[in-house]
Amino acid sequence: MTLPEWWPSWDGETCVIVASGPSAVQCPIDLVRGRARVIAINNSWRLAPWADALFACDFAWWDHANGCPEFGGLKLTVEKRAAEKFPDVRAVNCTKPDDRFVLEPKGTVGWGGNSGFHALNLAVQFGCMRVLLVGFDMTVSYGLHWHGRHPGAMSNPTFATTERWRRALDGAATVIAGAGVEVINCSAVSALQNYPKISLERALGLAEVA
């Protein structure tokens, strides 16, 4: 498969994915700037406006944000309607409703039910060998998002949906490890079970190990 001209090459690099869980605002995300690649999920681009990429899977989010013209990096989705309406939004293929994590072909991601799963799948396909997860709470016990509820037609997480997301992400751990990629969960509160959990500072090598 020929990859599109916009496809990035992040071979061997570290990528931080900033999702929308309430714990995201507890992380010192500014420390990441200049130290790793960054993919922001949905409104979390506001926590890292200098991110390399913005990913949102839902057409309703892109429509409400009017294509997010404020963001200057790579814009990605699995929703072809968003790419058709907003020319600078790039669409990748998705195996919906199949939750399997996809290594090949590049340019196709597993479903997983959420943008965090898609972004992690893309980070691995972009060549990253280390991925740090921020705001991957996978529970609504501490709130819905760091920014509150999505308005209008946009969906919001529930206990059932976050548990489904957790199962998909935890289920991908074996495939990711088999590809030689290290994934670290830097979310202060997280229901994920299959990834080591340490602070963002430690994962970036900026804090002493206790």
Side-chain angles (χ1 to χ4, degrees), residues 1-4 6-21 23-24 36-42 44 51-58 61 74-80 82-83 89-139 155 157 160-187 190-198 200 203:
M1 177 181 176
T2 302
L3 293 171
W6 54 260
W7 188 267
S9 178
W10 295 351
D11 292 349
E13 298 193 57
T14 294
C15 179
V16 178
I17 303 176
V18 185
S20 300
S23 72
R37 298 291 186 174
V38 177
I39 302 175
I41 302 296
N42 298 334
S44 292
D52 297 277
L54 164 62
F55 190 97
C57 69
D58 294 328
W61 187 90
L74 180 62
K75 301 176 187 179
L76 298 167
T77 186
V78 294
E79 178 53 75
K80 288 182 170 54
V89 176
R90 311 300 186 182
V92 296
N93 297 319
C94 183
T95 63
K96 185 178 182 179
D98 191 336
D99 286 348
R100 284 178 291 183
F101 197 87
V102 178
L103 298 178
E104 295 288 346
K106 291 181 179 179
T108 296
V109 298
W111 174 232
N114 69 101
S115 293
F117 187 97
H118 305 150
L120 176 56
N121 205 157
L122 284 173
V124 172
Q125 290 188 10
F126 291 163
C128 295
M129 298 306 294
R130 196 164 183 260
V131 184
L132 312 182
L133 307 180
V134 171
F136 278 68
D137 296 8
M138 300 294 126
T139 176
S155 61
T161 56
T162 53
E163 172 57 18
R164 181 192 186 289
W165 300 347
R166 182 204 64 76
R167 289 197 304 269
L169 279 159
D170 274 336
T174 301
V175 175
I176 296 169
V181 179
E182 179 185 29
V183 176
I184 298 174
N185 185 5
C186 300
S187 311
S190 178
L192 289 174
Q193 300 170 7
N194 290 349
Y195 306 96
K197 185 176 175 183
I198 62 176
L200 182 62

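What you see below is based on every heavy atom in this structure, not just the backbone, and it leaves out hydrogens, waters and symmetry mates. Being a predicted model, the structure only gives us computed values, none of them experimental.
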Residue pairs meeting side chain to side chain donor-acceptor pair (under 3.5 Å), one or both in residues 111-130, sequence neighbours left out, come to Arg130-Glu182

Counting only heavy atoms not in Lys96, do more than 12 sit closer than 6.0 Å to its NZ atom? no

By ring-ring contact (aromatic ring centres under 6.0 Å, His included), Tyr195 pairs with (sequence neighbours left out) none

Value for CG (Asn185) from CG (Leu200), rounded to nearest 0.5 Å, stands at 11.0 Å

Closest heavy-atom pair, Trp7 versus Gly107, reported as atoms and distance to 0.1 Å, is CH2-N, 3.4 Å

In terms of heavy-atom contacts, Gly135 and Ala19 come closest through O-CB, 3.4 Å

CD1 of Ile41 to CG of Leu54, rounded to nearest 0.5 Å, is 8.0 Å

Heavy-atom nearest pair, Asp137 first then Gly21, reads OD2-C, 3.5 Å

side-chain hydrogen bond (donor to acceptor under 3.5 Å, both in side chains) filter on Asp52, not counting sequence neighbours, yields Arg37

**OP:** Take Val78 and Phe55 through the test side chain to side chain contact (heavy atoms under 4.5 Å, CB included) and record every step on the way to the result.
**Re:** CA-CA 9 Å; Val78 294; Phe55 190 97; 3.8 Å; yes

**Request:** Start with the C-alpha distance between Arg100 and Thr95, add both sets of side-chain angles, then the distance that settles side chain to side chain contact (heavy atoms under 4.5 Å, CB included), and finish with yes or no.
**Result:** CA-CA 8 Å; Arg100 284 178 291 183; Thr95 63; 6.0 Å; no

Practice prompt. For side chain to side chain contact (heavy atoms under 4.5 Å, CB included), just list the numbers for Ile39 and Leu76, CA-CA rounded to whole Å, side-chain angles, deciding distance to a tenth of an Å, and then say yes or no.
Written response: CA-CA 10 Å; Ile39 302 175; Leu76 298 167; 5.9 Å; no

Value for CG (Asn194) from CZ (Arg167), rounded to nearest 0.5 Å, stands at 13.0 Å

Separation between NZ (Lys75) and CZ (Arg90), nearest 0.5 Å, reads 10.0 Å

Closest heavy-atom pair, Asn42 versus Cys57, reported as atoms and distance to 0.1 Å, is OD1-N, 4.4 Å

Note: Ala123 and Val131 closest approach over all heavy atoms is CB-CG2, 4.1 Å

- prompt: Does the side chain of Val102 reach to within under 4.5 Å of the side chain of Val109, using non-hydrogen atoms?
  reply: no

Review point. Do Phe136 and Val183 touch side chain to side chain, with heavy atoms closer than 4.5 Å?
Key: no

Residues Phe117 and Asp99: closest non-hydrogen pair is CZ-O, 3.1 Å

Self-check item: Test side chain to side chain contact (heavy atoms under 4.5 Å, CB included) applied to Cys15 and Trp10, step by step
Solution: CA-CA 9 Å; Cys15 179; Trp10 295 351; 4.0 Å; yes

- prompt: So, the side chain of Thr77 versus the backbone of Ala91: is there a donor-acceptor pair under 3.5 Å, distance only?
  reply: no

When rounded to the nearest 0.5 Å, the distance separating CG of Leu132 from OG1 of Thr14 is 6.0 Å

CG (Leu169) and CG (Leu133) are apart, to the nearest 0.5 Å, by 7.5 Å

Given the options Val134, Val18, Ile17, Cys186 meets side chain to side chain contact (heavy atoms under 4.5 Å, CB included) only with Val134

